[in-house]
Amino acid sequence: MRLAGQAQLGYFPTPESQLPLIASWLSLEAGTKELTRVLDPCAGEGHALAFLAGQLGKGVITYGIELSPQRAGEAEKRLAHVLNTAFENAVLTEETFSLLFTNPPYDGETSTGGGERLEYIFLTAGTRLLARGGVLVYIIPETRVTEKIARHLAGWYEELRCFRFSGEDYARFKQVVIFARRRLAYHQPSNAEVEAIQCWSRGLAYAGEETITGEDGKPITSPIYTPLTEIPTGNGGYRIPPSPLRRPRGAAFSFRFTPVSLDDYLLAAERAAQALEKTPAWRELIPETEPPAITPAITPKLGHVSMQVSGGLLGTNLVTGEDGRGLLIKGGTEKFTVRVDDPNEDALPEYDPDDPDQRKKLFRIRVEERSRPVLYTLDEEGNLVFLHQPDAIRDVLRAHVSRLARQLEARNTPRY
């Protein structure tokens, strides 16, 4: 969600002037005395859902989810049940709500506004919560009626109607109110059905088709569109059914979430680290702190020790100099390239960038890759020295080779 939306946690409340008009399209089934659950997954301070429930009458139980702690506290004064959490963190039983009233954030899921649109996320997640035959009230900007949203609505809902906000409220976000009833089973929509809904994004409503005769005498059928109308006063045509006590597959109703503290996160991270450290893949990545112990046949000579150190076979070794100060020594090899002159080739002239004739020519230069010994030393003051000159390596090894030999013999006990 972008910064403007983050500042309000995506909160843009439904204008109070639109609520009586929306409520006039809703009613309870005649004579019902069973419970009716209504849900607002972006409840804000609870004004909208509380107003709709009050207009519907007794037996309506309100449920709201609100991310902001302050607004959730206000919603608790108006709604029967409120969860102060993000919608995706709540644990709700599918197909157990009779009315879904949703005015979702108008943005993308990432900090730049990219990713999946929140309007689509709230619609699809809410559809799973709505009971079959339940009523949807969906408020979004008309331009957000994308092909994906239109296809979802056409497949999962029937009795679809779309109206513009009335009066000046339409000018701010070009918002529309979509009324629909969830189907008893999913219906694979045709392209024509999707287009009849998607035309709402252009401020139009599908009004049917007309057929005219073309120049070749063949009939031509084309759709008829009319401008979307402002929401009028309804007659309670969307009757809200009672809510099922349980999910159709038997799951009991649930409306909860488990708060997670910082200590919970730290504990989970510690458990994950402990489990990771036991895996073979992780253990293979841990570098060897000491060279592996071996059992040589005889005690190596000092020259052999020097060769093993410079060849990187002894790893990192700590020795104590004559001054009593510690020194880390690690040997190895490095690769480098050199230019090789081929005696069978004509001598190549030195390249002169200022010579216009040479700039137009291509020269072939052959290089070879070679290796040379290197030595690293680190003293107690943190001075790291890199040596690759043979004389310098020889001087360091000569000064410490006897101590290295004793360490090597203690670690790798000779057989004889």
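When reading the values below, keep in mind they use all heavy atoms of this one structure, side chains included, and skip hydrogens, waters and symmetry mates.
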Side chains of Y157 and T127: is there a donor and an acceptor less than 3.5 Å apart? yes
Cationic N near anionic O, under 4.0 Å, R181 to E159: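 So R181 pairs with E159 through a salt bridge.
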Is it true that R71 and E74 have a side-chain N and a carboxylate O under 4.0 angstrom from each other? no
Side-chain donor/acceptor of [X] to backbone N/O of [Y], under 3.5 Å:
| X | Y | result |
| --- | --- | --- |
| E334 | R372 | no |
| T226 | A207 | no |
| E368 | V338 | no |
| R403 | T320 | yes |
| E230 | G167 | yes |

For residues 177-216, pull every pair meeting ring pair (Phe, Tyr, Trp, His ring centres under 6.0 Å), keeping only residues two or more places apart or in separate chains.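 Qualifying pairs, neighbours excluded: W25-F179, W156-Y186, F179-Y238.
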Hey, could you give me each pair passing ring pair (Phe, Tyr, Trp, His ring centres under 6.0 Å) that has a residue in residues 310-337? Not counting sequence neighbours.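 Counting only pairs at least two positions apart or across chains, no ring pair (Phe, Tyr, Trp, His ring centres under 6.0 Å) contact touches residues 310-337.
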Report yes if some heavy atom in the side chain of [X] is under 4.5 Å from a heavy atom in the side chain of [Y]; otherwise report no.
| X | Y | result |
| --- | --- | --- |
| K174 | T143 | no |
| E270 | L266 | no |
| F101 | V38 | no |
| T316 | L378 | no |
| L404 | R406 | no |
| I65 | L92 | yes |

Reported CZ-to-NZ distance for the pair R370 and K335, which is rounded to 0.5 angstrom: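 The NZ atom of K335 is 14.5 Å from CZ of R370, to the nearest 0.5 Å.
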Quick test of your reading: applying salt bridge (charged side-chain N to carboxylate O under 4.0 Å, His left out), list the pairs with at least one residue in residues 194-206, sequence neighbours left out, ordered by first then second residue.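 Checked against salt bridge (charged side-chain N to carboxylate O under 4.0 Å, His left out) - neighbours excluded - the pairs reaching residues 194-206 are E195-R202.
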Does any pair with a residue in residues 82-94 pass side chain to side chain donor-acceptor pair (under 3.5 Å), and if so which ones, sequence neighbours excluded? E94-R247
Taken in chain and number order and not counting sequence neighbours, the residues that satisfy salt bridge (charged side-chain N to carboxylate O under 4.0 Å, His left out) with E147 are R151
Residues in salt bridge (charged side-chain N to carboxylate O under 4.0 Å, His left out) contact with E193, at least two apart in sequence or another chain: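 Not a single residue meets the salt bridge (charged side-chain N to carboxylate O under 4.0 Å, His left out) criterion with E193.
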For E168, does the CD atom sit with more than 12 other heavy atoms under 6.0 Å from it, leaving out its own atoms?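 No - once you tally the heavy atoms of other residues, nucleotides and ligands closer than 6.0 Å, there are 12 at most.
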Tell me whether the count of non-hydrogen atoms from other residues, nucleotides or ligands lying under 6.0 Å of OH in Y265 goes above 12.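 No, not enclosed.
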Closest heavy-atom pair and its distance - A125, F87: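 Answer, listing the atom of A125 first, then F87: CB-CE2, 3.6 Å.
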Audit row: L21, F163, side chain to side chain contact (heavy atoms under 4.5 Å, CB included) steps and yes/no: CA-CA 11 Å; L21 295 171; F163 300 106; over 6 Å; no
Measuring centre to centre across the rings, with the benzene-like ring taken for any Trp, is F253 within less than 6.0 Å of Y63? yes
Is there a side chain to side chain contact (heavy atoms under 4.5 Å, CB included) between V60 and I240? Walk through the geometry before answering. CA-CA 10 Å; V60 175; I240 301 171; over 6 Å; no
Option among V401, I329, T377, L328 that satisfies the side-chain contact (heavy atoms from CB on, under 4.5 Å) test with V319: I329
